[in-house]
Amino acid sequence: MIVANGKPLEEIIGVVKGHRKILVAGCNECVTVCEVGGTKEVGILASALRLHFLNQGVEAQVGETTLQRQCDREYVVGARVTVEPYEIVVSVACGVGCQFMAEEYNKVPVVPGVDTSFMGGALERGVWSERCQGCGTCLLAKTAGICPVSRCAKRVLNGPCGGSTKGKCEISKDVDCAWQLIVDRLSSLGRMEDYEVLTPIKDWSTDRAGGPRMRIKEEVAS
Amino acid sequence: MRLNYPVHVRIIRVPCTGKVDILHILRAFEKGADGVYLVGCMEGSCFYEQGNFKARKRVEYAQRLLEQVGTGGERVQMFNLTSGEAPKFAQFAREMTERIKTLGPNPAKLAGAASKGPAAGQAAERGAA
């Protein structure tokens, strides 16, 4: 899923303070699972904003809505009746959802309520960890299912580097060395001979280096 | 025991403090409550194991949010006692009432009254006292 962090409340208040009709818009997908932009978090942010305005003695309307997906035009368009009466929308979806909303509603400013961070998974409730950077050419088959692009600080493709100590990365004692994990897993799989095969220079044109990316599935695209 | 405690306290019964959501706390302030406190079982004695710990975390989260929006984090508090400690329950009610009296009414009520004119503002002050 896409993992995001809630923006500081002061920052959101700073952006919306001049408006009197504010809509907090959540998304039922990734940001709901990572507990930053679902119906619950929309309610908390909207309530906090209402309290802020009440404390200022300002009459403001703070509405709440949660779309099924903000990254899907079908749902974004469907929210028109809800969105258009408002002066500003605070989107607590990921950066994709926020942009889709902004692209659809030309006359209503759409601002982010979260900082979109990474693609990852939940290690436990409330703890998420990065697992993928969407480099466009997956190496996992060669690296025993552990990604050196997203989990190695240097993105080293033939590791480990000299900064690996006792299975930890030099950037932090809390960060596992991806290459230690890869070696351990290759070893347990009985595939250590794969470790001897050098990975050639990666084609980064499929990553962001190639500019904004697009995918078209011919079978279904009209 | 027939213990007395301040009449300003309105009790809402829940099966466990773990049932109390951050939204319950925030909406209480939106509706004009001057303070909210949770009274749960002693830590480590929760029938549901984690309920009062979850409640404490939510209270701490509410405190941070209320501080940021100008309501004041000290208007929310978590207390713990055992079911046999009725005098403590009354003591917590007195403690919290005293604290709220010192802090004054919910700033939202004052601000709302002030925006409607000075007479309304004074009435709100009197109502909170």
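Just so we're on the same page: letters track the sequence lines, and every chain starts at 1. Quantities reported herein were computed from a predicted structural model and do not represent experimental measurements.
- The two residues A:Gly57 and B:Ala111 come nearest to each other via the heavy atoms N-CB, 3.4 Å.
- Top candidate by heavy-atom pairs under 4.5 Å with chain B, chosen from A:Val58, A:Leu49, A:Ile44, is A:Ile44.
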Legend entry - Candidate pair A:Ile13 and B:Gln68, rule side chain to side chain contact (heavy atoms under 4.5 Å, CB included), full reasoning: CA-CA 10 Å; A:Ile13 290 171; B:Gln68 291 174 64; 5.8 Å; no
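- Counting non-hydrogen atoms of neighbouring residues, nucleotides and ligands closer than 6.0 angstrom, the NZ atom of A:Lys17 reaches no more than 12 such neighbours.
- Residue B:Ile22 touches chain A through its side chain alone, counting heavy-atom pairs closer than 4.5 Å.
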Inset, instruction - Apply the test side chain to side chain contact (heavy atoms under 4.5 Å, CB included) to residues A:Asn55 and B:Asn106: give CA-CA distance (whole Å), side-chain angles for both, the deciding distance (0.1 Å), then the verdict. - result: CA-CA 8 Å; A:Asn55 290 338; B:Asn106 182 338; 4.1 Å; yes
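- At most 12 non-hydrogen atoms from other residues, nucleotides or ligands lie less than 6.0 angstrom from CZ of B:Arg10.
- Few gaps surround CD on A:Gln68; more than 12 heavy atoms of other groups in view lie less than 6.0 Å from it.
- Heavy atoms only, all atoms of each residue included: A:Leu51 and B:Glu30 are closest at CD2-N, 3.7 Å.
- The heavy-atom pair separating A:Ser47 from B:Leu26 by the smallest distance is OG-CB, 3.2 Å.
- For the set A:Gln56, A:His52, A:Glu10, A:Arg50, the count of heavy-atom pairs under 4.5 angstrom toward chain B peaks at A:Arg50.
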